[in-house]
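See structure below.
Numbers here are sequence positions counted from 1. These numbers come from a predicted model, not from an experiment.
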Amino acid sequence: MLTVIELLRGLWITFKHLFVKSVTIQYPTEKREPAERFRGIHRFILDEAEIEQCVACSLCARYCPSSAIEITPAEDEKHNRRVLTYYVDIGRCIFCGFCIEACPKEAIMMSKDFELACYSRTSTIFSKEALLTGPDIVKYK
Ligand code: SF4
Ligand code: SF4
C-alpha cells in the first residue's frame with residue numbers, strides 16, 4: 001500500500017510540473033546573460049584615440065598564478081613603452097582575474113565571453129589582436 005501511495009505522490013509531482021514554466025533554455029540558440037561579475041576571456045582595451053593602453057610592464061604576467069601570459073615589449077617612435085606581442089593561454093588560465101587587478105593602466109578587462117571550446121591546444125592561445133574584438137565590456141562596479 002505504501003508503495004502505491006509513493007508512486008501516486010511521484011506521479012502527482014510530475015503532473016504538477018507539466019504546467020510550470022520550463023527553467024531550461026535552448027542553448028545555443030538561446031543564451032543566458034552571465035552574472036555581472038562573471039569573468040570570461042580577457043579583452044584588450046583601447047583609449048579614445050584607439051591606442052592600446054598596455055605599456056608592457058608585465059605585472060599581469062608576474063601576478064598570473066598559471067603563467068598563462070607572455071608579453072614582448074617594444075618602443076614607439078617617441079620612446080614610449082608599448083606592447084609588441086601579448087598572448088594569453090586560456091587553456092592554462094583559471095579566470096582568477098589577478099592580471100586585471102594587477103594592471104596599473106586598466107589595459108585589460110575580463111569580458112563575458114564564455115564560448116571558448118576548441119579542438120586543439122594551439123587554439124587556446126589568444127594574441128592581443130584576437131583579444132581586441134568581441135562584445136562591449138561593461139565594467140563591474
Ligand atoms: S585570469 Fe588569472 S590565470 Fe588567467 S591570465 Fe589572468 S592572472 Fe592568469
Ligand atoms: S596589460 Fe597592464 S599589467 Fe599587463 S603588461 Fe599591459 S599594462 Fe602591464
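- The side chain to side chain contact (heavy atoms under 4.5 Å, CB included) test with Q53 singles out one residue from D47, L46, I108, and that residue is D47.
- Atom CZ in R37 sits 13.5 Å away from atom CE in M110 (nearest 0.5 Å).
- The hydrophobic cluster containing F126 also contains I100, counting ILVMFWY residues as joined when their side-chain heavy atoms lie under 4.5 angstrom apart, directly or transitively.
- Looking only at distances, no side-chain donor or acceptor of T133 sits under 3.5 Å from a matching main-chain atom of E129.
- Checked options C103, P104, C99; the residue passing with L59 is P104 (criterion: side chain to side chain contact (heavy atoms under 4.5 Å, CB included)).
- In this structure a side-chain-to-backbone donor-acceptor pair under 3.5 Å is present from R39 to F95.
- I125 and I94 are not part of a single hydrophobic cluster, where members link through side-chain heavy atoms under 4.5 Å apart.
- Transitive grouping of hydrophobic side chains (ILVMFWY, heavy atoms separated by less than 4.5 Å) keeps L18 and V23 in distinct clusters.
- Distance check, rounded to the nearest 0.5 Å: NE2 of H42 to CE of M109 gives 11.5 Å.
- A donor-acceptor pair under 3.5 Å is formed between the side chain of H17 and the backbone N or O of I13.
- Rounded to the nearest 0.5 angstrom, F44 CZ and K128 NZ are separated by 6.5 Å.
- With sequence neighbours left out, the salt bridge (charged side-chain N to carboxylate O under 4.0 Å, His left out) criterion links E6 to R9.
- Residues L132 and V83 fall within the same hydrophobic cluster, defined by Ile, Leu, Val, Met, Phe, Trp and Tyr side chains chained together at heavy-atom separations under 4.5 Å.
- The minimum heavy-atom distance between R43 and S111, with the atom names listed, is NH2-CB, 3.6 Å.
- Around the CZ atom of R81, the shell of radius 6.0 Å holds more than 12 heavy atoms that belong to other residues, nucleotides or ligands.
- The structure places CG of L116 at 4.0 Å from CD1 of I90, a figure rounded to the nearest 0.5 Å.
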Table please: side-chain donor-acceptor pairs of residues 64-74 below 3.5 Å, with sequence neighbours left out.
residue	atom	partner	partner atom	Å
S66	OG	R92	O	3.3
T72	OG1	T85	OG1	2.5

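- Around atom CD of E106, no more than 12 heavy atoms belonging to other residues, nucleotides or ligands sit under 6.0 Å away.
- Connection of L84 to V88 is not established within any shared hydrophobic cluster, with ILVMFWY side chains joined at heavy-atom distances below 4.5 Å, either directly or through further cluster members.
- Between the CZ atom in F114 and the CZ atom in R32 there is a gap of 10.0 Å [rounded to 0.5 Å].
- Under the rule for a salt bridge (charged side-chain N to carboxylate O under 4.0 Å, His left out), K105 has no partner lying at least two apart in sequence or in another chain.
- In this structure, C93 SG and F98 CZ are separated by 11.5 Å, a value rounded to the nearest 0.5 Å.
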